[in-house]
Amino acid sequence: MAINKNSNAYIIIYTVVMVVIVGTLLAFLATSLKDKQAANVLNEKKVSIMKAFGSAEENFDDVVTMGYITDGKFAEVDKADAVAVDAVFAKLADLKGLVAAENDFPIFKYEKDGAVKYVAPMAGKGLWGDIWGYVSLNVVEGKVQISGIVMDHAGETPGLGAEIATETWQKKFEGKAIYDAEGKFAVRMQKGGAQNEHQVDAITGGTKTCDGVNAMLASSIGKYEAFLASLTTAVEAAPAEADESAEEVANVEPTKVEEE
Amino acid sequence: MKLSKNFTNPLAANNPVIVQILGICSALAVTVKLEPALVMGLSVTFVTAFSNLVMSLLRNGVPSRIRIIVQLVVIATLVIVVDQFLRAFMYDVSKQLSVYVGLIITNCIVMGRVEAFALANKPWDSFVDGIANGLGYAFILVLVAFFRELFGSGTLFGFDVIARFGYENNSLMLFPPMALIIIGCIIWVHRTINKDLQEK
């Protein structure tokens, strides 16, 4: 008996069998590659954070501790606790939710030879789409300044706004004190060139993207304001160490001073 | 048709991109740098080869009324396979290619070859035809990316080539319209060599 290939029954059976085979195959593939893909995503975040710290050659797991800023205080997460560590990175997966949150902002702390730097995640909007990044902050001579920054974007104009993702522009942020003498947030990309020590040259032709970067810096770093203030006041409250080198003063830990 | 001709034809005389003008969309989008262009070309080659092979094997059993749907399912499956593998093993490149890997599904070359060739030919011939058409596409992509990366970023595969000689990067090369102009130039050269392609 010849099969009528255009009968409804044949077509329905054909499609059902096809879908089951294809579905099984893809489900199997997705499950078996899932761990590897998740590891890639996690590794990318770690590399970005190390880049912001300015020491891409070092291993994240060796030198970085992580935690949350809750009510202006740093609460460390035990690195051995895999669930808690995953929770911190899970927060980074949703940068927009993170910036909208009211408390418990994730932060990464780099500590080596007495030097302490913190990395905070950032998220915002450029001209065409999302922009995001990590900013590394430290305290030098009682001022909070940017020690490094990495930024990326979803679809800014190549050669113009997209320049924010290049090292050339990111380098310009290094060493900029983020608050001015009155304590106002002062770091920004300035059209027409930097006018003072807090400003960075804006990208010609990328004004809208630069505006987005300014908003991102202000809103994201703003979340950590209380914590950053505690870092600098701690330094001021320790006059005994004021004469020592700027490097050391900068690296006094706030908690240590409070104990004194 | 002879197998060797079957293979060489899509590479030059009947190239899918510059003669049939298929797959232009991704040729504009992923040719800013050589590496993603090469990976994209190889991904499309994989998809055209295996969709041709699978459809050729299925050609006698497929109900003609749902032929196109079956083709789409096969092609989409292969594209997801490519996408998943890139994400697992070539994460950086997969990020640069972003949505364009998924958009291989809509690449006219893939479905065009399945419809025009695989449904009427034996599996091995179809497989070779798929590889040849994929490579024909890849060749044009790499050629365009070569010029765009060289003059747009001064590098090749990320290695500094002419920037060190004081070359000022031409960011116009990085914009999609420039890819169209380069493809136009390639077509021009190609038609000058292959006179039979010139319209009277």
Side-chain angles (χ1 to χ4, degrees), chain A residues 2-48 128-130 132 152-163 165-166 168 203-206, chain B residues 28-29 31-33 50-51 54-55 57-96 98-100 148-149 151-153 163 168-179:
Chain A
I3 304 167
N4 176 7
K5 281 188 203 139
N6 278 319
S7 73
N8 288 346
Y10 181 83
I11 289 177
I12 290 168
I13 293 169
Y14 194 96
T15 41
V16 169
V17 171
M18 180 178 70
V19 167
V20 168
I21 292 173
V22 166
T24 318
L25 184 82
L26 290 183
F28 173 75
L29 186 74
T31 343
S32 43
L33 292 177
K34 200 173 154 197
D35 289 345
K36 186 111 183 103
Q37 293 170 352
N40 281 338
V41 174
L42 183 62
N43 187 49
E44 189 204 12
K45 289 203 169 73
K46 288 180 176 176
V47 168
S48 299
W128 303 114
D130 291 336
W132 61 89
D152 208 349
H153 61 93
E156 298 308 299
T157 321
L160 301 174
E163 290 292 301
T166 62
T168 325
I203 302 163
T204 309
Chain B
L28 303 187
T31 51
V32 174
K33 293 238 148 66
F50 283 93
S51 63
V54 172
M55 284 316 296
L57 288 169
L58 293 177
R59 72 187 190 280
N60 294 323
V62 180
S64 59
R65 279 201 282 165
I66 58 161
R67 187 183 80 240
I68 302 281
I69 298 171
V70 175
Q71 289 169 14
L72 269 181
V73 171
V74 170
I75 294 167
T77 309
L78 289 165
V79 170
I80 295 170
V81 169
V82 169
D83 190 33
Q84 294 286 324
F85 268 96
L86 287 182
R87 273 177 209 214
F89 299 104
M90 300 185 78
Y91 185 71
D92 289 343
V93 179
S94 94
K95 266 188 59 181
Q96 288 178 51
S98 64
V99 297
Y100 293 99
R148 288 183 76 189
E149 185 174 347
F151 296 114
S153 316
E168 202 53 51
N169 289 340
N170 182 353
S171 45
L172 185 64
M173 294 299 283
L174 302 176
F175 287 95
M178 212 55 211

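Keep in mind it's a predicted model, so treat the numbers as computed, not measured. Below, chains carry the letters A, B, ... as their sequence lines are ordered, and counting in each starts from 1.
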Would you check if [X] and [Y] make a side-chain contact, meaning some heavy-atom pair closer than 4.5 Å?
X	Y	answer
B:Arg87	A:Leu33	no
B:Arg65	A:Asn8	yes
A:Leu26	B:Val81	yes
B:Phe85	A:Leu29	yes

Structural part of [X] lying under 4.5 Å from a heavy atom of chain B:
X	answer
A:Asp152	side chain
A:Ser7	backbone
A:Val19	neither

Of the non-hydrogen atoms in A:Lys5 and B:Pro63, which two are nearest, and what is the gap between them?
->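 Nearest pair, atom of A:Lys5 first, then B:Pro63: O-CB, 3.1 Å.
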Closest heavy-atom pair and its distance - B:Gly61, A:Tyr10 =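 Looking at all heavy atoms of both residues, the shortest contact is O-OH, 2.5 Å.
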Inter-residue atom distance B:Ile66.CD1 - A:Asn6.CG, 0.5 Å rounding =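 Rounded to the nearest 0.5 Å, the CD1-CG separation comes out at 9.0 Å.
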Using modelled atom types only, decide if a donor and an acceptor are shared between the side chain of A:Asn40 and the backbone of B:Tyr91 within a distance under 3.5 Å.
->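 No; judged by distance alone, with no hydrogens or angles, the pair does not exist.
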Contact class of B:Val62 relative to chain A, heavy atoms under 4.5 angstrom |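 For B:Val62, the contact with chain A is made by backbone and side chain together.
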Go through the atoms of B:Val32 and report whether side chain, backbone, both or neither lie under 4.5 Å from a heavy atom of chain A.
->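 For B:Val32, no heavy atom lies under 4.5 Å from chain A.
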Most contacts with chain B, counted as non-hydrogen pairs under 4.5 angstrom, among A:Leu25, A:Asp35, A:Val22 |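 It is A:Val22.
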Winner by heavy-atom pair count (cut-off under 4.5 Å) against chain A, out of B:Val70, B:Asn169, B:Leu174 |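 Most heavy-atom pairs under 4.5 Å with chain A: B:Val70.
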